[in-house]
Engineer: 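If you scroll down you'll find the structure; I have some questions about it.
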Amino acid sequence: EQAPKPPSTPPPLHAGRRSRRPGPRRAAESHPQAMAQLTQLAISRISRREEIDPPLLQVLDIKGLQQSNAMGPPGRYRITLSDGTHYLQGMLATGNNEHIISGRLKKHSLVRLTDYALNALDADGGSTKNILIIMNMEVAGEWGEVIGSPVDYDSPNAPAAAEAARRQAPNAPYGGNNAGGGGGGGGGGGGGGGD
């Protein structure tokens with residue numbers, strides 16, 4: 001009597017070719033609807049002191065600035081805001097500190113600026129650095145990652161990033177011309193964003 005033949009081994013999955021893992025995707029590619037929520041090129045328009053409807057931006061970073069006695073909670077907060085294409089440094093007026101203390105405002109939050117002003121400060125090499133002073137804002141929600149691939153508005157790469165954004169979304173809304181509460185014109189408020 002013949003012994004039974006052992007079962008044949010099935011060929012390995014994807015035999016003859018390497019399995020390819022998908023590479024990491026940027027947030028804008030993974031979540032195009034999130035990019036569409038932000039006010040496109042708002043940072044560029046604010047920096048040119050154009051009037052736009054209160055823009056929706058994303059918080060990239062929050063840093064507390066200790067008071068001179070270095071005791072207790074930070075007196076003021078520095079904040080980095082992005083429209084998905086550019087980012088800009090800002091300072092929160094102390095009336096907004098409660099958003100952070102309560103935990104509602106955090107990294108990657110979405111915020112709508114309702115009252116703000118732009119300060120241009122002298123930087124090294126004779127250049128200027130824009131600082132956004134935020135007097136009033138609304139926390140509109142959260143997003144778990146950075147939206148888009150924003151670059152510093154004051155960097156040499158900023159114009160190329162803006163042109164790429166226009167090519168990718170030529171029909172996207174770039175902010176209205178009928179400003180509500182937030183105009184980008186005032187250069188005074190908030191004490192200039194110094195440390």
Engineer: Do Leu41 and His86 have side chains that get closer than 4.5 Å, going by heavy atoms?
Structural biologist: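 Side-chain contact under 4.5 Å: yes.
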Engineer: Which value, rounded to the nearest 0.5 Å, describes the distance between Asp61 atom CG and Lys106 atom NZ?
Structural biologist: 14.5 Å
Engineer: Which heavy atom of Ile147 sits nearest a heavy atom of Pro150, and at what distance?
Structural biologist: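 Minimum heavy-atom separation between Ile147 and Pro150: O-CD, 3.8 Å.
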Engineer: Quick check: does any side chain N or O of Ser109 sit under 3.5 Å from a backbone N or O of Leu105, one acting as donor and the other as acceptor?
Structural biologist: no
Engineer: Is Val139 linked to Ile62 within one hydrophobic cluster, defined over Ile, Leu, Val, Met, Phe, Trp and Tyr using a side-chain heavy-atom separation of less than 4.5 Å?
Structural biologist: yes
Engineer: May I ask you to decide if Glu145's main-chain N or O and Gln58's side chain share a donor-acceptor pair within less than 3.5 Å?
Structural biologist: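 Pair found, side chain donor or acceptor close to backbone of Glu145.
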Engineer: Sequence neighbours excluded, which residues qualify as side chain to side chain donor-acceptor pair (under 3.5 Å) partners of His99?
Structural biologist: Arg104
Engineer: Using every non-hydrogen atom in the two residues, find where Arg45 and Glu51 come nearest and quote the distance to one decimal.
Structural biologist: NH2-O, 4.0 Å
Engineer: Rounded to the nearest 0.5 Å, what's the gap from CG on Asp53 to OG1 on Thr114? Could you check?
Structural biologist: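 It comes to 12.5 Å.
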Engineer: Using side-chain heavy atoms (C-beta onward) and a distance below 4.5 Å, is Leu88 in contact with Leu118?
Structural biologist: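 They are in contact (side-chain heavy atoms under 4.5 Å apart), so the answer is yes.
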Engineer: With heavy-atom distances below 4.5 Å as the criterion, would you say the side chains of Met91 and Leu65 are in contact?
Structural biologist: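 The answer is yes, as the side chains (C-beta and beyond) meet within the 4.5 Å cut-off.
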Engineer: Is there a side-chain contact between Thr94 and Arg76 (heavy atoms, below 4.5 Å)?
Structural biologist: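 Side-chain contact under 4.5 Å: yes.
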Engineer: Side-chain donor-acceptor contacts of residues 129-138 below 3.5 Å, not counting sequence neighbours, with atom names and distances?
Structural biologist:
from: Asn130; atom 1: ND2; to: Asp154; atom 2: OD1; distance (Å): 3.4

Engineer: I'd like to know if the side chain of Ser47 reaches the main chain of Ser44, judged simply by a donor and an acceptor atom lying under 3.5 Å from each other, with no hydrogens or angles considered.
Structural biologist: no
Engineer: To the nearest 0.5 angstrom, please state how far the CD atom of Gln37 sits from the CG atom of Leu57.
Structural biologist: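 Gln37 atom CD to Leu57 atom CG measures 12.5 Å (nearest 0.5 Å).
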Engineer: Looking only at non-hydrogen atoms, find the nearest pair between Tyr77 and Gly64 and report the distance.
Structural biologist: CD2-CA, 3.6 Å
Engineer: Given Gln89, which of Leu60, Thr80, Ile79 fulfils the side-chain contact (heavy atoms from CB on, under 4.5 Å) condition?
Structural biologist: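 Considering Leu60, Thr80, Ile79, a side-chain contact (heavy atoms from CB on, under 4.5 Å) with Gln89 is found only for Thr80.
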Engineer: Would you check if Val146 and His108 make a side-chain contact, meaning some heavy-atom pair closer than 4.5 Å?
Structural biologist: yes
Engineer: Minimum heavy-atom separation for Ala42 to Asp83, with atom names?
Structural biologist: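 Minimum heavy-atom separation between Ala42 and Asp83: N-OD2, 2.9 Å.
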Engineer: At their closest point, which heavy atom of Leu81 faces which heavy atom of Ile43, and how far apart are they?
Structural biologist: O-CD1, 4.0 Å
Engineer: Give, for atom OG1 of Thr39 and atom CG of Leu113, the distance between the pair rounded to the nearest 0.5 Å.
Structural biologist: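 Rounded to the nearest 0.5 Å, the OG1-CG separation comes to 8.5 Å.
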Engineer: Any side-chain heavy atom of Ile100 sitting closer than 4.5 Å to one from Leu92?
Structural biologist: yes
Engineer: Applying ring-ring contact (aromatic ring centres under 6.0 Å, His included), name anything that partners Tyr87, two or more places apart in sequence or on another chain.
Structural biologist: none
